[in-house]
Each structure stands twice: as structure tokens, then as C-alpha cells.
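The structure under discussion appears below in the form of C-alpha cells.
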Number of protein chains: 2
Amino acid sequence: MDGGRAMPGDAPRRLDAEARRERILAAAICYFAEVGFGGTTRDLARRAGMTQALLYRYFASKQELQEAVFERVFLGRLDPAWETELRDRAVPLHDRLCRFYRQYTAAIFTYEWMRIFMWAGLAGEALNRRYLTHVADRLLAPLRDEIAAAGTHRAPEMEDIWALHGAIVYAGIRRHIYHLPVPDDPAPAIERAVACFLAALRLPDPPAAS
Amino acid sequence: MDGGRAMPGDAPRRLDAEARRERILAAAICYFAEVGFGGTTRDLARRAGMTQALLYRYFASKQELQEAVFERVFLGRLDPAWETELRDRAVPLHDRLCRFYRQYTAAIFTYEWMRIFMWAGLAGEALNRRYLTHVADRLLAPLRDEIAAAGTHRAPEMEDIWALHGAIVYAGIRRHIYHLPVPDDPAPAIERAVACFLAALRLPDPPAAS
DNA sequence: GGATTTGTTGATCATCTGATCAATCGAAAG
DNA sequence: CTTTCGATTGATCAGATGATCAACAAATCC
């Protein structure tokens, strides 16, 4: 059957340096996302279909491989255009928020991103705080400003913006961390969460009772 | 200086079985919450101020200790009375929701609960799915029924209830997993999230634009 | 005081884990 | 075909880790 040539989906025994490094990195992202950074280099190598020793030809240490995983997974996921678009008052606020959260969730609602971010957070990596601080300053704060400028009777506090954020992001956590059933397309839920949030802010006062 | 007697906050060298077991369990909860279940029995023993070998007199294996931690942290945290109170239509809906989420967050917004729950979730423990399924069936579903019965123009979907849940719970994640600054008292944020949620449901239609 | 029970320890074992290196293998160049 | 260079491997090392056990020590009982 096998003439010795590599099958289409199969790996040739020998790869040039760049392709091998890529293969290791891809396997590491998948593996560490699943088991966390406590996973062993031997398990990782087995799943990547190569020897454990080979990992160390392309990454000086497990720590360095872990950092390469962080860089690949997190770097460049946040598009600077989002901030600009959030501030574009030619577009209705509701649409701006929906559009932003559709793009944001498209970027981070993946098995790898969600889980590696959570593993890193629990492990106390500074990365998470930096990332979320950036999100707060560059995205949520402008978002709050836009809501405040949209003529509602009171400006929401940052905690309220975080609540909207949590309402949307928690779906990704339920799905990828807890493995609970969640709709494939987050767009409808985003739509309703944003509409709910904005609608409430336009009310003159919280309801008295019942 | 030291006459041989144990100092007030100090541990006597010798404890009766029950007290020792308690000490180990308390230290294990604190330790595993911080570093996860990949932490070592030697580190744990050092922090608990005893020998590593001693752990194995009270727990047959690390696995058994881990299960004891789960039981202590998660068992009996959900009060069955909450469901009853959620259904008590003598109380205004807004107040019922706020009261429930104040009690719920009081139960789970601790460093230990939040982190051990997240470690367990990432590790794929069945515990998390069981727990959240219980929350969904026994608390969020009734909560949805009550909202539907409160005369709003449309009944929210379960995903909307999960959004409210996420808006509130995400504050605990930000605080205990990501170590971001969050208000000590979650009550005001709960109040606003619930008011926002209910207010929006009473609106005749989502806003047309801007 | 001496014997008995029971909590505690240091030493130790088998295995696992990150990391290293000389030996091998494969493809391209001459 | 032979040489050469670089990718790949098996063997191996030192330290860490879960678990065990005989020896020790502090209460308790006679």
C-alpha cells in the first residue's frame, strides 16, 4: 500500500527547520490548551508525532516554548480598528456595539484562546492583567464614553460595562472551559445583550416594584 | 523564651487525628486553590507545617485528598431555600433576583471556591458540568419562569438568563482568577444588572437606531 | 515507673520529567 | 557513487514526585 511516500495528510519523516518548528508550535498550542502548562514534553512530542529530544532543537526550554505559544495565540488578536469603529458616530450605537462584540468574540471564542488564557490567568501570568487592562482602557472605556455621549439620562459606570462584557464573554467560558452546550453563533445573544443594555439605560428610572 | 508550650497561634507538635486531618484539608484547599492540583504534596506539607509522609496517614493518596477538597468546597454551598424564595411571588421580582444573587455571590465569591472551580473545569472534572447543570435546572430555569410570568411582553430565552448570570459571575472571575480590582461588595453591581435586565424586558421594542 | 497505644518523622523506592549529547539517518551537492 | 551537512533519534543524567515503612516520641493506662 504505502510506497514510502508520505500520504497527503501524513507527515514526512524529515522536515525543514521552519516547517518543523511550526508543527511543534501548533501541537503545543493544542496540547497545552487541553492539559495546561503542567503537561509534559514527552506527551506533547508523542502527540506531535516526533521525539521529545527534537523539541529541544527548536526551543531551548519548555519555558521558551510556552512563551512562543503565548505570542502566537495572543499577539495581534486585537484589531486597533475596533477602537476607531467604536467611536464612529455616523453608525448607530447599537450597531457599533454589536459589530464590535461580533468581531471580538470571533477573535477569542476558540478552544485554544479561551483555555490558554484561563490556564495563564490561574497560573498568575502577568499577561492576563496586561491584556484585560488593555481591553478596559482601549475598548471598554471608549465604549462607555460613547454610551455616555449618546444622550442617555445617566452615564454607566465601568462596572456596568464590565457586566455587559461578562454577559457576552461568559458564553465562551461555558463552552470551552466547562464544555456546556452553547449556541454556535454568538451573534443573536450579543444582539439581545446589547439591546437589553442600551434599552435599560434609556429608561427614566428603575421600576418601583413587581 | 519558649517554655515548651505551644504559643497561641502556633501548632502543637502532636494533634489528635481529627484536628490533624482538618489542618491538612484546610491547607490543601488554600494550596490547591493557588497552584492547582498539579501542586506537589511536599510543597503542601511544608506550607501546612508538617512532614509530607504525614499526609498519607490521613489520606490514602493525593487523589483522595483532592476529592476531599472538592467535597468540602462545593458540597452544601447551594441552599435549596433559594429556589423557593425565587418562586415567592409575594415579593417583587426585582427584589427576588437581587436577593438570590446576593446570596449566590456570598456563597461562591471566595478565592478558594472560584479558583478550585476553575482549575477543576479546565481539568475536565465532571463536577463542573454537574454543578452548572444543577444551577441551570434548579435556579436559572425557575428564574426564567418567574420573569416570563411577571407579565413582560416576551419570555427571555435561557441564553438571556445565562447572560445575566455571566454579567454577575464574571466579576468574581475578574477578581479571583485575573486579580483585577473589583468592588468588594457585589450588591450594587447586582442591583444595576438586575434592574437593567428587567427594565429592558418591559420595553415594547428594541430601539430603532442611535 | 514501665508497658501500650498512637501520632510523627527521616530515609528510601520506583517512576517521571526537563534537558543533553553522541550516534544515526536522509537528502542534496559534487 | 561518494561526500557533506543538517535533521532526527535513543540513551542517559540529575532532580523532582507520589507513596511506603521501620524507627521514634509523646501521651495514656496499669
Side-chain angles (χ1 to χ4, degrees), chain A residues 2-7 10-32 34-70 119-120 123 125, chain B residues 2-7 10-32 34-70 119-120 123 125:
Chain A
D2 186 358
R5 278 271 161 204
M7 303 290 285
D10 206 3
R13 308 203 188 298
R14 241 177 127 85
L15 295 176
D16 61 295
E18 198 177 351
R20 177 65 68 183
R21 194 188 150 92
E22 200 55 35
R23 222 165 235 275
I24 294 174
L25 189 49
I29 289 172
C30 178
Y31 176 68
F32 287 140
E34 182 177 332
V35 309
F37 295 102
T40 71
T41 54
R42 278 177 176 79
D43 260 7
L44 166 58
R46 193 175 312 128
R47 281 170 56 150
M50 62 189 76
T51 324
Q52 181 238 6
L54 191 56
L55 302 180
Y56 287 89
R57 184 169 181 85
Y58 298 91
F59 298 92
S61 66
K62 189 184 172 184
Q63 178 65 29
E64 194 182 296
L65 175 55
Q66 177 174 332
E67 278 155 20
V69 166
F70 282 155
W119 284 117
E125 297 283 342
Chain B
D2 185 359
R5 277 272 162 203
M7 302 292 285
D10 206 4
R13 308 203 188 295
R14 237 178 129 86
L15 295 175
D16 61 295
E18 199 177 351
R20 176 65 68 182
R21 194 187 149 92
E22 201 55 36
R23 221 165 235 273
I24 294 174
L25 189 50
I29 289 173
C30 177
Y31 176 68
F32 287 140
E34 181 177 331
V35 307
F37 295 102
T40 71
T41 54
R42 279 177 174 79
D43 259 8
L44 166 58
R46 193 175 311 127
R47 283 225 215 168
M50 61 190 76
T51 324
Q52 181 237 7
L54 191 56
L55 301 179
Y56 287 88
R57 183 168 183 87
Y58 298 91
F59 298 92
S61 64
K62 189 184 171 183
Q63 178 65 29
E64 195 181 297
L65 176 54
Q66 178 176 331
E67 278 155 20
V69 166
F70 282 155
W119 285 117
E125 297 283 340

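We name chains A, B, ... by the order of the sequence lines, and we start the count at 1 in each one.
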Checklist entry - From the list D:dA7, C:dG18, D:dT9, which nucleotide is the closest neighbour of the side chain of A:Tyr58? => result D:dA7
Checklist entry - Just checking B:Gly39: base, sugar-phosphate only, or nothing, at a heavy-atom cut-off of under 4.0 Å? => result sugar-phosphate
Checklist entry - Just to confirm, is there a sub-4.0 Å distance from OP1 or OP2 of C:dG7 to any side-chain nitrogen or oxygen of B:Arg57? => result yes
Item to check | B:Leu15 side-chain proximity, nearest of D:dT9, C:dT9, C:dT8 | outcome: C:dT8
Checklist entry - How close or far is atom C1' of C:dA11 from atom CG of B:Leu54, stated in whole angstroms? => result 16 Å
Checklist entry - If you check every side-chain atom of A:Arg14, which of D:dG6, D:dA11, C:dT9 has the closest atom? => result D:dG6
Item to check | Length of the CG-C1' vector between A:Leu55 and D:dG10, whole Å | outcome: 15 Å
Checklist entry - Between A:Phe32 and A:Phe37, how do the two ring planes meet: parallel, tilted or perpendicular, split at 30° and 60°? => result tilted
Next on the checklist: Side-chain N or O of B:Thr41 versus OP1/OP2 of D:dT17: is the shortest distance under 4.0 Å?
Outcome noted: no
Checklist entry - Should the pair A:Glu34-A:Arg47 be classified as a salt bridge under the 4.0 Å nitrogen-to-oxygen rule? => result yes
Checklist entry - So, does the side chain of A:Arg42 form a donor-acceptor pair with the base of C:dG18 at under 3.5 Å? => result yes
Checklist entry - What's the CD-P distance between B:Gln52 and C:dC13, to the nearest Å? => result 15 Å
Checklist entry - If you look at every strand shown and take non-hydrogen atoms under 4.0 Å, does B:Phe59 touch a base, only sugar-phosphate, or nothing? => result nothing
Item to check | N/O (side chain, A:Tyr56) to phosphate O (OP1/OP2, D:dT8) under 4.0 Å | outcome: no
Checklist entry - Does B:Tyr31 reach the main-chain N or O of B:Gly36 with its side chain, forming a donor-acceptor pair under 3.5 Å? => result no
Checklist entry - Whole Å only: how far is the CZ atom of B:Arg20 from the C1' atom of C:dG7? => result 8 Å
Next on the checklist: At less than 4.0 Å, is any side-chain N or O atom of B:Thr51 found next to OP1 or OP2 of C:dT8? Yes or no.
Outcome noted: no
